[in-house]
Amino acid sequence: MENAPFSDEIAWRAIAEDLAFDGPLAPEHASKETCADPFIKPLFATFGASPVAAASLGQVYQATLWSGDVVAVKVQRPNVVRQVALDWTVWSLCLSALQKAWSSKAKLGDIADEVGEGVFKELDYVNEARNMDEFNKRHDWLGFVRAPKWYPEFTGQPGSARVLTTEWIEGKHISDLPPEKRLVMAQMAVEACVAQLLYTGFVHADPHEGNILCETSKNGGLVFLDFGLVAEVEDFVMEGFARGIQCMIAGDWLGLTYVFRDVGMCPPESFYRKVVPETDEARNEQVRAEANAGLDATVSRRRRAKRAGKKKNRRKTVDQPCSAEEMALAIEACLTAEEGGQSRFGALATGLGAMSSRYKFLTPPYIVLLVRTFLTLEGIAAKADPDFNIYTASLPYAIRRAMAPATPEGRRLMRDAFLNEHDNSVRWDRIAELLRNELPGDAEKTKGVQGLATGEEDAAAPLRTTTKTASDDASEDSSAASAGSASGSFDETELDVLRPMAAAGEDLLSEGMDAASAA
């Protein structure tokens, strides 16, 4: 449902109060009739007669500064702080009631506080402006993504700002692009969001289609809008997500199980299954259910099962420790049964939700915003590519994060994954395997990757492999032929990822890890 705009007169008054300006907004503008001093020079050269967009927290006008810059002026809705506070209170009370009703040990109140705090920050437009500056600072290296610049002199005061003025962005949303450009934009959006989640840790937490534009006035890059809601991802979470992506691609369910523990989604001391205590009453209920099932021929089997399931779900459970291996088998069974279980984050969320009735999962406060970000991102990409795989798209940044650990556990795992234990030399075969999902024994490619570190002119030559002909494969079985034909060549994009990693590999992995292990 679209948000109806609020009164223009209220918006004009908010601008006048926030910017301490008594005159008209622009020459011949209707605000001249209501302003305190209609004879002073107007604030803007032009100002829209009506808003160009309206949202739940505010609305946006197009204006032109006297310098000629075209800008977007966002004005906050009246009484929105009171409304948000009321919504937050109601939501928090509802979650507390649910926690009691479900006898849940999940910290639902913390989740409400995390989201509510984020929404309140969204109401401070200077905070939003500073988020834009921080986003540009951390992501300038990407080269194709940015946030709009803002104008402090046309923005309200810190802590109470209701007006935010930014540059006007000429661009198109993904649904407005032709199919071929839609795919390119989706790929850029995925790369930008994954870089935030796994590498920089500064995440735009509301990346829906309306908040991402493909810029048409400059270089065709991406511009993210609306930075009221952002999330800071801690190093251990980024490293855990990076490992989790690699585990999903490799089908390493045990590794994924430990990732869930490391990022706070499972208790740190053990894994737990949920069991119903075997009491006399429980056995009596089962006897009665079996008797009723035999007598009540008019009730369908499906309805009886549904009714029994409801009774079972209402019964209290206790947590019983289980092994990581058992948990891993349960995760494997759940995700392999889900459509897209190893390619869609949504399927992972659904699968874990189904498992939560049988195994204990925790809900860290950070998870709400990040899950929302991943699911929104996946929805945008699916519009351009129905076969989109969030995990393979995320792999390059997962590897970058794995090779730049910031925690002791991350450094230990990096050493185990990328260094040979006997001499601390780099396992280039492992790097090539991760980037291409190839067999570890592809010696020619491994040799080529290692050559990149030394800068040899022909280093890329061994990266090219020749597809075998039918006659060449006559003496080999069909599985070996399939493995041979699957080996392709690295393209320039992949080489761009490999070169900086390989160039710094020896220093980072040998010297850095030696220092880390000594510590």
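Here E134 contributes atom CD and E232 contributes atom CD; the two are 7.0 Å apart, rounded to the nearest 0.5 Å. The distance from atom OG1 of T376 to atom NE2 of H208, rounded to the nearest 0.5 Å, is 8.0 Å. The CG atom of L256 sits 8.0 Å away from the CG atom of D252 when rounded to the nearest 0.5 Å. In this structure, I174 CD1 and K181 NZ are separated by 13.5 Å, a value rounded to the nearest 0.5 Å. Between the OG atom in S394 and the CD atom in E191 there is a gap of 10.5 Å [rounded to 0.5 Å]. Atoms CZ and CZ, on R146 and F135 in that order, are 11.0 Å from each other to the nearest 0.5 Å.
Inter-residue side-chain proximity for D262 and F236 is flagged as unmet; no heavy-atom pair is nearer than 4.5 Å. A 4.5 Å side-chain heavy-atom check between M355 and I331 finds at least one atom pair inside the cut-off. In this structure, the side chains of F260 and L352 come closer than 4.5 Å at one or more pairs of heavy atoms. Side-chain atoms of L197 and M238, non-hydrogen and from C-beta on, never get closer than 4.5 Å to each other. In this structure the side chain of F202 reaches within 4.5 angstrom of the side chain of N131, judged on heavy atoms. Between I212 and P207 there is a side-chain heavy-atom pair separated by less than 4.5 Å. The shortest side-chain heavy-atom distance between W141 and Y199 falls under the 4.5 Å cut-off. Residues L395 and Q246 meet the side-chain proximity criterion, which asks for heavy atoms closer than 4.5 Å.
In this structure, Q320 contributes its side chain and V275 its backbone to no donor-acceptor pair below 3.5 Å. Between the side chain of N211 and the backbone N or O of D206 there is at least one donor-acceptor pair closer than 3.5 Å.
Heavy atoms from other residues, nucleotides or ligands lying under 6.0 Å from NZ of K274 number more than 12.
Minimum heavy-atom separation, C247 to G255: SG-C, 3.6 Å. Listed here is the closest heavy atom pair of R182 and L177: NH2-O, 2.9 Å. Nearest heavy atom pair, residue L142 against residue A195, reads CD1-CB, 4.1 Å. Of all the heavy atoms in P321 and R273, the pair that sits closest is O-NH1, 3.6 Å. Closest of all the heavy-atom pairs between C266 and M327 is SG-CE, 3.8 Å. In terms of heavy-atom proximity, L377 sits nearest to C193 at CD2-CB, 3.6 Å.
Under the side-chain hydrogen bond (donor to acceptor under 3.5 Å, both in side chains) criterion, E234 pairs with no residue at all, not counting sequence neighbours. Residues meeting the side-chain hydrogen bond (donor to acceptor under 3.5 Å, both in side chains) test with Y272, sequence neighbours left out: E269.
Ring geometry, H204 versus F227: the interplanar angle exceeds 60°, so the pair is classed perpendicular (tilted spans 30 to 60°).
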Checking side-chain contact (heavy atoms from CB on, under 4.5 Å) for the pair I245/L198: CA distance, chi angles, key distance, verdict? CA-CA 10 Å; I245 287 167; L198 298 183; 3.4 Å; yes

Using the rule given for side-chain contact (heavy atoms from CB on, under 4.5 Å), can you reason through I249 versus N389, listing the C-alpha separation, both sets of side-chain angles and the distance that settles it, and then say yes or no? CA-CA 10 Å; I249 292 174; N389 186 322; 5.7 Å; no

Let's go through W253 and L329 carefully: what are the C-alpha distance in whole Å and the side-chain angles of both, what is the deciding distance for side-chain contact (heavy atoms from CB on, under 4.5 Å) to 0.1 Å, and is it a yes or a no? CA-CA 7 Å; W253 308 112; L329 287 173; over 6 Å; no

Apply the test side-chain contact (heavy atoms from CB on, under 4.5 Å) to residues T200 and H139: give CA-CA distance (whole Å), side-chain angles for both, the deciding distance (0.1 Å), then the verdict. CA-CA 8 Å; T200 68; H139 299 95; 2.8 Å; yes

Considering only distance and modelled atom types, tabulate donor-acceptor pairs under 3.5 Å from the side chains of residues 333-340, sequence neighbours left out.
unit_1	atom_1	unit_2	atom_2	d
T336	OG1	E332	O	2.6
T336	OG1	A333	O	3.3

